[in-house]
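Read the numbers this way: they start at 1 and go in the same order the structure lists the ligands and their atoms. In this text the structure is predicted, and so the values were computed from the model without any measurement. The residues of the chain are indexed from 1 along the displayed sequence.
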Amino acid sequence: MLHIENLVLTVTDPETGAETEILHGNSFALAQGEALGLVGESGSGKSMTLKCILGIEPSGARVEGRIELDGTDLLASSGEPLRKIRANDLALIAQNPHGALNPVLPVGRFLIEGMSDARNMSKADAQARAAELLRQVGITDTERVLHSYPHQLSGGMLQRVVIAGAISGSPKLLLADEPTTALDVTTQAEVVAILDEMRREHGLSMIFVTHDLDLAAAVCDRLAVMKDGEILEIGTPEDIRDHPKTEYTRALMAARPLLYPAGHPVPEAGTRAAGVESSDNAEEAGA
Ligand SMILES: Nc1ncnc2c1ncn2[C@@H]1O[C@H](COP(=O)(O)OP(=O)(O)OP(=O)(O)O)[C@@H](O)[C@H]1O
Ligand SMILES: [Mg+2]
């Protein structure tokens, strides 16, 4: 459903006019329902890749190549059709949920404002739909959460709200940029489990950006290893572990001693991270 071909991103220094190429002609494809992990060190171009897809690259940057979503080349589209595709088919889940939420709106209003069909609903129906969305992401005390402002909720709870909001628009492609990095380890596992479950339930494709090769291997069907703006290799978690094609991938794995301890099988593609299964309905105490 997503075909990216020869993606090049060039930024221009506004002072000097000097151009720097940030992404150097990357290509990859994503099938319907597939999860691709983008892994690599800081500055390797993971977030910029997502920004190009979302059309939120830095001002003055030039994006070249093809970004084809369900047959439409986003880079060759413009105006209302492009705006619609980006608004309806893509959803971003970023590291900091506060960025996605409106600090002066209770969570319920935020969810309702994000529903495309809220105008045709009674207030009671919209409220019920918002509560249902929260239940889908494992929130049980929906009334309290719906009436809370973002600053009154924990990071993990907020990230669930952001996921609920993302799902409500029925997107085709979830773009998750370090969605759990800001959370504590237990909450991380819970949020990853919710994200994974929502993806499977709704048949969504996902690009999952993370520094954590272990997490990516557990959540994703395939991994793409990035360095210095280039995708070095793409393969299943098993491929990447057993047959790394580059020294860099080998080094990245060696830097994660806990990732594949000796004698331990690599997690099956698509299976969940250890400890995640049991925590599905764990509510965050005191959130
Ligand atoms: N606004 C900007 N203008 C110009 N260059 C930028 C801008 N933002 C980031 N870059 C550069 O683009 C490159 C890729 O950055 P990107 O944010 O995609 O890295 P990343 O892989 O997401 O790293 P991290 O893991 O730290 O989030 C880096 O070299 C960075 O310096
Ligand atoms: Mg980043």
Side-chain angles (χ1 to χ4, degrees), residues 2 4-28 30 35-67 74-75 86 90-100 155 158-159 162-163 166 173-183 185 188 191-192 195 206-220 222-235 240 244 246-256 259 273:
L2 180 73
I4 293 193
E5 269 171 49
N6 206 19
L7 179 64
V8 175
L9 173 70
T10 312
V11 295
T12 306
D13 187 316
E15 311 253 297
T16 64
E19 293 198 335
T20 310
E21 198 176 278
I22 302 269
L23 299 175
H24 310 298
N26 294 322
S27 302
F28 61 91
L30 196 61
L36 176 74
L38 272 191
V39 297
E41 66 195 18
S42 189
S44 56
K46 305 180 297 294
S47 296
M48 282 297 171
T49 302
L50 298 194
K51 285 181 181 174
C52 291
I53 299 171
L54 287 159
I56 55 170
E57 67 278 358
S59 65
R62 194 169 72 241
V63 186
E64 294 159 296
R66 270 178 90 75
I67 301 179
L74 303 186
L75 298 181
R86 286 188 162 139
L90 305 177
L92 173 68
I93 298 164
Q95 182 171 336
N96 179 359
H98 286 282
L158 290 179
Q159 201 58 302
V162 171
I163 295 170
L173 175 61
L174 283 181
L175 302 167
D177 194 350
E178 307 264 12
T180 61
T181 308
L183 307 175
V185 173
Q188 259 183 18
V191 169
V192 166
L195 196 56
M206 175 166 77
I207 301 179
F208 188 88
V209 166
T210 178
H211 287 99
D212 189 337
L213 199 47
D214 192 14
L215 183 61
V219 172
C220 299
R222 284 185 306 146
L223 306 180
V225 179
M226 286 195 80
K227 183 178 192 304
D228 297 338
E230 210 174 313
I231 294 183
L232 299 183
E233 59 180 304
I234 303 184
I240 300 287
T246 65
E247 224 17 78
Y248 179 72
T249 304
R250 258 185 285 271
L252 201 60
M253 297 223 304
R256 302 273 318 153
L259 179 50

Relative to the heavy atoms of [X], which atoms of ligand 1 are at a distance of less than 4.0 Å?
X	result
S42	23 (O), 24 (P), 25 (O), 26 (O)
P58	1 (N), 2 (C)
S47	17 (O), 18 (O), 20 (P), 22 (O), 27 (O)
V11	4 (C)

Quick one: pull up [atom1] in [X] and [atom2] in [Y] and give me the separation to the nearest 0.5 Å.
X	Y	atom1	atom2	result
N96	Q159	CG	CD	8.0 Å
L38	I234	CG	CD1	8.5 Å
N26	M48	CG	CE	13.5 Å
L173	L92	CG	CG	10.5 Å

Report yes if some heavy atom in the side chain of T210 is under 4.5 Å from a heavy atom in the side chain of T180; otherwise report no. no
Side chains of L195 and L174: closer than 4.5 Å at any heavy-atom pair? yes
Is atom 31 (O) of ligand 1 close to the protein, meaning a heavy atom under 4.0 Å from it? no
Counting backbone and side chain alike, does S42 bring an N/O/S atom below 2.8 Å of the Mg ion (ligand 2)? no
Note: S44, heavy atoms under 4.0 Å from ligand 1, region reported as both
Result of checking K227, E41, E233 against Y248 for side-chain hydrogen bond (donor to acceptor under 3.5 Å, both in side chains): E41
Among all protein heavy atoms, pick out the one at the shortest distance from [atom]; state its residue, atom name and that distance to 0.1 Å.
atom	value
atom 11 (C) of ligand 1	I22 CD1, 3.6 Å
atom 25 (O) of ligand 1	K46 NZ, 2.8 Å
atom 28 (C) of ligand 1	G43 O, 3.6 Å

My understanding is that we take every heavy atom of each candidate and find the minimum distance to atom 15 (O) of ligand 1. Doing that for M48, E41, H211, which one comes out nearest? M48
When every non-hydrogen atom of C52 is compared with those of L23, the smallest separation belongs to SG-CD1, 4.0 Å
